[in-house]
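Comments concern the structure below.
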Amino acid sequence: MERIASFCVDHTKLEPGIYISRIDGDIATYDIRMRKPNTPPFLSNPVLHSFEHLFATIARNSEYGGRVIYFGPMGCRTGFYMLLAGNYTSKDVVGLVTELFEFVRDFKGEVPGAAAKDCGNYLDMNLPMANYLGKRYLEPVSYTHLRA
């Protein structure tokens, strides 16, 4: 069986930042890496779930909204994948990713979609930690690790 592209990336060399993971036609997959791979602590499921709901809400309501195909957590719990239709570089999406982190950092109140009728695991959220990590990852991730 052929190895998939994401398993061909040397994860021992990845740092937090934004990377283009792959391009399939006019769909780009962005790796929004919040944690250095294989370096605990990893993002908890409640934090990932809170980020997912908040990121998806703001991304789909942004100028890129009609081009957002998917936004979701990595199984390794070190960040997220964002799929956008269009031909963008990592640098092109820095503004959107910064806006996403600022939104999470500043968000107060009920997490969008965190209700039994809207989500299959709505109780598994941790907004205070998501707020904290939104702030934390905005500061040190100066996007110096961008690769186009």
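No experiment lies behind these values; they were computed from the predicted model shown. Note that these values count all heavy atoms, side chains included, but never hydrogens, waters or copies made by symmetry.
When all heavy atoms of L100 and A59 are compared, the closest pair comes out as CD2-N, 3.7 Å.
No more than 12 heavy atoms of other residues, nucleotides or ligands shown are found within 6.0 angstrom of CG on N87.
Taking the six-membered ring where the residue is Trp, F51 and F80 present tilted rings, their angle falling between 30° and 60°.
Checked against L133 for a side-chain contact (heavy atoms from CB on, under 4.5 Å), the options L138, V104, N126, L43 give a single hit: L43.
A salt bridge is absent between E15 and R33: the closest approach of a Lys/Arg side-chain nitrogen to an acidic carboxylate oxygen does not fall below 4.0 angstrom.
Of the possible donor and acceptor atoms, one in the side chain of N61 sits under 3.5 Å from a partner among the backbone N and O of T57. Using a distance-only test at 3.5 Å, with no hydrogens or angles considered, no donor-acceptor pair links the side chain of R77 to the main chain of P73. Within the 3.5 Å criterion, the main-chain N or O of D124 finds a donor-acceptor partner in the side chain of H49. The backbone N or O of L96 sits nowhere less than 3.5 Å from a side-chain atom of T98 that would complete a donor-acceptor pair.
Side-chain contact annotation: R105 with Y132, donor-acceptor N/O pair under 3.5 Å absent.
Under the rule for a side chain to side chain contact (heavy atoms under 4.5 Å, CB included), the partners of I4 that lie at least two apart in sequence or sit in another chain are S6, F7. K117 pairs by the salt bridge (Lys or Arg N to Asp or Glu O under 4.0 Å) definition with nothing, not counting sequence neighbours. Looking at residues two or more places apart in sequence or on another chain, you find a side chain to side chain contact (heavy atoms under 4.5 Å, CB included) between A56 and R60.
A 4.5 Å side-chain heavy-atom check between D31 and M74 finds at least one atom pair inside the cut-off.
In the hydrophobic clustering of ILVMFWY residues, with side-chain heavy atoms under 4.5 Å counting as a link, Y81 and I23 come out apart. Y122 and L48 are members of different hydrophobic clusters when ILVMFWY side chains are connected at heavy-atom separations under 4.5 Å. I69 and Y64 are assigned to two separate hydrophobic clusters, defined by single-linkage of ILVMFWY side chains at heavy-atom distances under 4.5 Å.
Atom NE2 of H53 is separated from atom CD of E110 by 12.5 Å, given to the nearest 0.5 angstrom.
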Passes salt bridge (charged side-chain N to carboxylate O under 4.0 Å, His left out), D24 versus R22? Steps please. CA-CA 7 Å; D24 298 291; R22 61 183 292 143; 2.7 Å; yes
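Taking the six-membered ring where the residue is Trp, the centroids of F103 and F55 are separated by 6.0 Å or more.
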